[in-house]
Amino acid sequence: MTLLSYAKAMNRALADALEADPAVCVFGEDVGAGLAGLTLGLQQRFGAERVVDVPLSEQAFTSAGIGAALNGMRPVVELQIPSLLFLVFEQLANQAHKFSLMTGGQARVPLTVVVPGSGSRSGWAGQHSDHPYGLFAHVGIKTLAPATPTDAYGLLSSAVRDDDPVVLFAPAGALGVREDVTAPLVPVPIGEARIHRPGSDVTVVAVGHLVHQALAVAEELADEVSVEVLDPRTLYPLDRSALVESLGRTGRLVVVDDSNRFAGFAAEVLAVAAEECRLLAPPRRVTRPDGAVLPFARALDRALQPGPEQLRDAVRAVLK
Amino acid sequence: MTLLSYAKAMNRALADALEADPAVCVFGEDVGAGLAGLTLGLQQRFGAERVVDVPLSEQAFTSAGIGAALNGMRPVVELQIPSLLFLVFEQLANQAHKFSLMTGGQARVPLTVVVPGSGSRSGWAGQHSDHPYGLFAHVGIKTLAPATPTDAYGLLSSAVRDDDPVVLFAPAGALGVREDVTAPLVPVPIGEARIHRPGSDVTVVAVGHLVHQALAVAEELADEVSVEVLDPRTLYPLDRSALVESLGRTGRLVVVDDSNRFAGFAAEVLAVAAEECRLLAPPRRVTRPDGAVLPFARALDRALQPGPEQLRDAVRAVLK
Amino acid sequence: MSLPHLADPAGRYRTMRLIRSFEELALEWVRSGLVVGGTHPYSGQEAVAVGVCAALDPADQLTSTHRGHGHVLAKGADPGRLLAELLGRVGGLNGGRGGSMHAADFSLGILGANGIVGAGAPIAVGAAWAARRRGEPTVVASFFGDGALNQGVLLESLNLASIWRAPVVFVCENNGYATTLPAASAVGGSACGRAAAFGIPAETVDGMDVEAVRAAAERAVRRARSGGGPSFLECLTYRFEAHHTMERRFRLTYRTAEEVASWRERDPLASSPVAGLPEAAAIDREVVELLSTAAEFALTSAEPDPATATDHLYASGLRPRSGAAL
Amino acid sequence: MSLPHLADPAGRYRTMRLIRSFEELALEWVRSGLVVGGTHPYSGQEAVAVGVCAALDPADQLTSTHRGHGHVLAKGADPGRLLAELLGRVGGLNGGRGGSMHAADFSLGILGANGIVGAGAPIAVGAAWAARRRGEPTVVASFFGDGALNQGVLLESLNLASIWRAPVVFVCENNGYATTLPAASAVGGSACGRAAAFGIPAETVDGMDVEAVRAAAERAVRRARSGGGPSFLECLTYRFEAHHTMERRFRLTYRTAEEVASWRERDPLASSPVAGLPEAAAIDREVVELLSTAAEFALTSAEPDPATATDHLYASGLRPRSGAAL
Ligand SMILES: Cc1ncc(C[n+]2csc(CCOP(=O)(O)OP(=O)(O)O)c2C)c(N)n1
Ligand SMILES: Cc1ncc(C[n+]2csc(CCOP(=O)(O)OP(=O)(O)O)c2C)c(N)n1
Ligand SMILES: [Mg+2]
Ligand SMILES: [Mg+2]
């Protein structure tokens, strides 16, 4: 049995990408020391010219990633905090994302941005606990949120090879997940959902680390209800056909999504279901509250994140 | 008959606010010249110390607005281009929005950000044509999109008096709208929708300048179908009770929203309807495409914005 | 009318000792799991916070950083309430909502620590601008590290303060590193050179010498208060501990043991004029007492009720929709 | 192997004349409604684009601004295709997708005009870094205005280029104003002082003198190409027209008629070594010819098909979901 952790899987995906393609390079703070785990050992192995420690200039080094991409590189930018994505929103949404169309297809920007530790890490408080994947999905940047080590490996590998900008969220709540890896690690296509557990009564769409919570709740309720757990893996572009098929089987929908409710990822899933499916009961969302800011105190922080009781309640609600 | 234009109504709201409260001040580029219309004549009237021309440092002057707000001012920040909101996303979403909760209620940040000319202005192309209100609604910042001169006056007035950060989008497509103003101009409460036209068959939720398009389509289809046109005016917090009541009457929903479809404002409206109402037919969205970047050529730019034919089709689709 | 608790060398020594002992206690509480999430210890840099705050009046203000305990205590915050904040208790400065990285006390002009490097500087500029507009004599000190020198918004803020002649004292605590990155390989040119390039008078001082810092800060505060605009102080200093308490999980080699030892020899507490005097020993005992009362207060303060988790989200009182299913 | 069309004074004069006449035609087309949305005219600043590009090799690259026609033409873009771009036609440089503010020709190293002030600079730094990594001798020129000097990302980029020793030539076109705001009241300190503060060699040149600009640019390019890192040129210049064509709707007073007139006397075309020679008259006629062919090309180029509106949105070929109802 080979147990592979999520963090180690990401690290391996990046190492394999650096090994396979000299165009791959890494920009980030403290990537030499590998503080976030993602780059551990990689500067030693590939050199400080490919795994580059950069000054605290997120806007400049993210856009430098764009410039490098325009000249044939495939840069991976590591951001230490999810909210640093706010700081580089201009660079990603207004520059990287728009280059291809605005130049009439002359340019492509194969830039991957990784946040190794998104969402709440207890005790990091208001500015370090965001899960802003919905923002990137809304503007149309490819947005990934792998839940397992193999998917983390597979999606990061695909992101680096993709010709468009990609943002990958590695939820803090999943970094410690370990998986017995027997089959070789392979790329996972962007845009393909995965059914972790088939079921016939309710489809639970779960994002990132909440996939594990959903699986636990599904198991717990197994005697009562047959829950299908669908992990979109790629948030944008969404695998709508997998969603619609699953809802065709179950007719009931709960989305569990650790981000703000209003116009978030869960809203899109409900909207697609409303447009394309006939549900047997009103769907439910389990999310953070509207406009959530996570308070520091642990009990308060937890109170604002989707918990297993809420998911249980939601599953029971759609069965009524 | 006194015809008041939307642009002039905004200008008057700001003048009245400056007149009424010495704590109100304005930061923006070229506000002395009043290039965007919003501040026309105001520097002459209130002085360059209250209507302040600032250097091209959007991040610093927006955050300076936060600092000034912490010390008792009510700054209004004007941004010339909707995508400059991307540039100051950190300052708004991570600083201004979070101050009150993170300080345990010690601080408040009465900061108003206005984009006089959001969405597409033909010929301004990819980086000047965004309508990113959904981003602000998702993070939980009060988000306004008035459609008419009186609402523009009323909502801007309320924004300046509000104790929280507010972002107001004045759609370029509405700036030329004129209205016969007989009653005195008054503040419009944040969070209250407005029914522009009552109807019994379909509720069309229309945002900003599209309210006028929706009214025209409703009129055009009057013999065929009775369309209720609901203008949320405030996108966040959404007036859910007005929405649910309207859908209770009509049972059918179309949302017309000039922003990207995926996880946008329209998605939230569909999600709320799915959770809280029983619709008679699947709802429809008329929006920009997923991930839209508006191309320069006029025909291409128009092709990506919600048009009246699409709205007509959508209304007919929900009637089937 | 400068801050009474920093009015003389003994007061300044006492506050430096308080910060040092506070940080030691916080470290202990992190290690034992009482404080969740960890902290960025200020130990070693005490002379900067204390020297600068000694030049401020009670009504003056400051913006702080992720490494903020020193600034907050030097400006006069109650150590018991800061400890309670680290524990996430209702008696904390922010009611347990902020934690280490967001500690604030608006009643004392402490406009908040900040989790984003460089983010305090423009807030300081705006606060200073507003105070002047309102006819108040307030000066705002803005603390930040060498890493922040490379943040765009901080550089924009230097310019804005310069053209506005805002009463701000920019205090760069150059401790040689931004996490693991040496300032020498991250900062093109020099700190003071940058400030000067925006038209701001700048000087470098020994950040391990509280009296030197105070003297320089007094010049800067005087300039600001008299309408002379912003100043910039680069304080050469060092952090004795890890960047963040979580660092101990790694075996990092970015600083040599010799380098750490050589800076520890220049401990700002040891070089205080009061150090070694009998007075110092008395103060040290006093601080032990003070901290034990503070710890008692913090430990007995109540845990917040989860039902209040969205309190204060909107200053206007708007209550957000819950995230639970309907 | 510098750009052949800029190899001698006559070539430089020809390109300046081309830019000027191009801008006059564009203005006409804006006024008549042919060009939608308007443009930011480059007239008056020709010596900067031409002088800098004269120092570049064909394989060198540049990033441009909202006021980009001059840079794009100087680097060698086809005027017919640029005109077609302004008209939004399929024959345009960007297939009509970009318009004036996003004109690009990657085959010529023109990495694009940009609608966001300051945004080109970090792209230039990254492009230069990548080229060097790949062993290519490419130098990247990054054009921007005085207004951009106050953008955080540009200041961050100066630092990044400095510590990376990236082969970039930063070209600040100081035309005295950012829209209506005089540089004198917006820029604390000086342009060159700022660059120097980041450790970048900086010099100010007469931006109305194409030969002076070229000489300075050659020094900078040589330094970059030989591994000496970035340089910074401040070119003192002036725009003869409005900030943007839409400005004519306003009655603005930020520049006096005298000021405009005094700069017009220093027209870079008039001070070219070729000006006044019979050669110049021949070139002028040649340019008229060239532009009339270009205009013909642009006007007869097809309008894009609305069905292609989302083409190129994703380089990977992903087709986005439509915004119409299902
Ligand atoms: C904008 C931003 N980038 C990165 C981080 C993560 N981070 C927190 S502290 C720090 C280093 C800061 O260095 P410096 O400014 O020198 O302050 P010091 O920690 O040395 O006191 C980093 C990279 C952050 N909080 N904000
Ligand atoms: C970041 C940003 N802020 C504001 C604008 C709007 N805007 C476009 S050009 C301009 C003035 C730019 O001045 P400068 O950099 O001196 O260039 P110039 O127009 O003089 O060539 C402004 C404010 C913008 N495009 N980008
Ligand atoms: Mg430091
Ligand atoms: Mg200019």
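Computed from a predicted model, the values in this text were never measured in an experiment. Chain letters run A, B, ... following the sequence lines, proteins first, then strands; residues in each count from 1. Heavy-atom basis, side chains included; hydrogens, waters and symmetry copies ignored.
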(request) Give a yes or no on whether the backbone of A:N94 and the side-chain of B:Q127 come within a donor-acceptor separation of less than 3.5 Å. (result) yes

(request) Find the distance between CZ (A:R261) and CD (B:E275) and round it off to the nearest 0.5 Å. (result) 5.5 Å

(request) Please report the closest heavy-atom contact between B:V293 and A:M102, naming both atoms and the distance. (result) CG1-CG, 4.1 Å

(message) Please identify, among B:I141, B:D130, B:L253, the residue contributing the most non-hydrogen atom pairs under 4.5 Å to chain A.
(response) B:D130

(request) Among A:L238, A:L92, A:L85, A:V139, single out the residue with the greatest number of heavy-atom pairs under 4.5 Å to chain B. (result) A:V139

(request) Answer with side chain, backbone, both or neither: which region of B:L101 has an atom nearer than 4.5 Å to a non-hydrogen atom of chain A? (result) side chain

(request) Against chain A, label B:Q59 side chain, backbone, both or neither, depending on which of its atoms sit under 4.5 Å from a heavy atom there. (result) side chain

(request) Using non-hydrogen atoms and a 4.5 Å limit, figure out which bit of B:R288 sits close to chain A: side chain, backbone, both or neither. (result) neither

(message) Tell me the closest heavy-atom pair linking A:F262 and B:L235, and the distance in Å.
(response) CZ-O, 3.1 Å

(message) For chain A, which candidate among B:L84, B:L270, B:L294, B:V272 shows the most heavy-atom pairs at distances under 4.5 Å?
(response) B:L270

(message) Restricting to non-hydrogen atoms, name the atom on B:D290 and the atom on A:Y236 that form the minimum distance, rounded to 0.1 Å.
(response) CB-OH, 3.4 Å

(message) For the interface with chain B, which of A:A281, A:C277, A:A271 has the highest count of heavy-atom pairs at distances below 4.5 Å?
(response) A:A271

(message) Taking every non-hydrogen pair under 4.5 Å, which of B:P282, B:A267, B:A263, B:G104 racks up the most with chain A?
(response) B:A263

(message) Please rank A:R278, A:E90, A:Q95 by heavy-atom pairs under 4.5 Å with chain B and give me the top one.
(response) A:E90

(request) Supply the atom-to-atom distance A:H138 NE2 to B:Y133 OH, rounded to the nearest 0.5 angstrom. (result) 8.0 Å

(message) Can you tell me which portion of B:V88 sits under 4.5 Å from chain A's heavy atoms? Options are side chain, backbone, both or neither.
(response) neither

(request) Decide if atom CZ of A:R302 counts as having more than 12 heavy atoms of other residues, nucleotides or ligands within a radius under 6.0 Å. (result) no

(message) Counting neighbours of CZ on A:R121 that are heavy atoms of other residues, nucleotides or ligands and sit closer than 6.0 Å, is the number greater than 12?
(response) yes

(message) For the interface with chain A, which of B:G291, B:S83, B:G264 has the highest count of heavy-atom pairs at distances below 4.5 Å?
(response) B:G291

(message) Are more than 12 heavy atoms, taken from residues, nucleotides or ligands other than A:R108, located less than 6.0 Å from that residue's CZ atom?
(response) no

(message) At a heavy-atom distance under 4.5 Å, which candidate from B:P289, B:G140, B:G126 has the highest pair count against chain A?
(response) B:G126

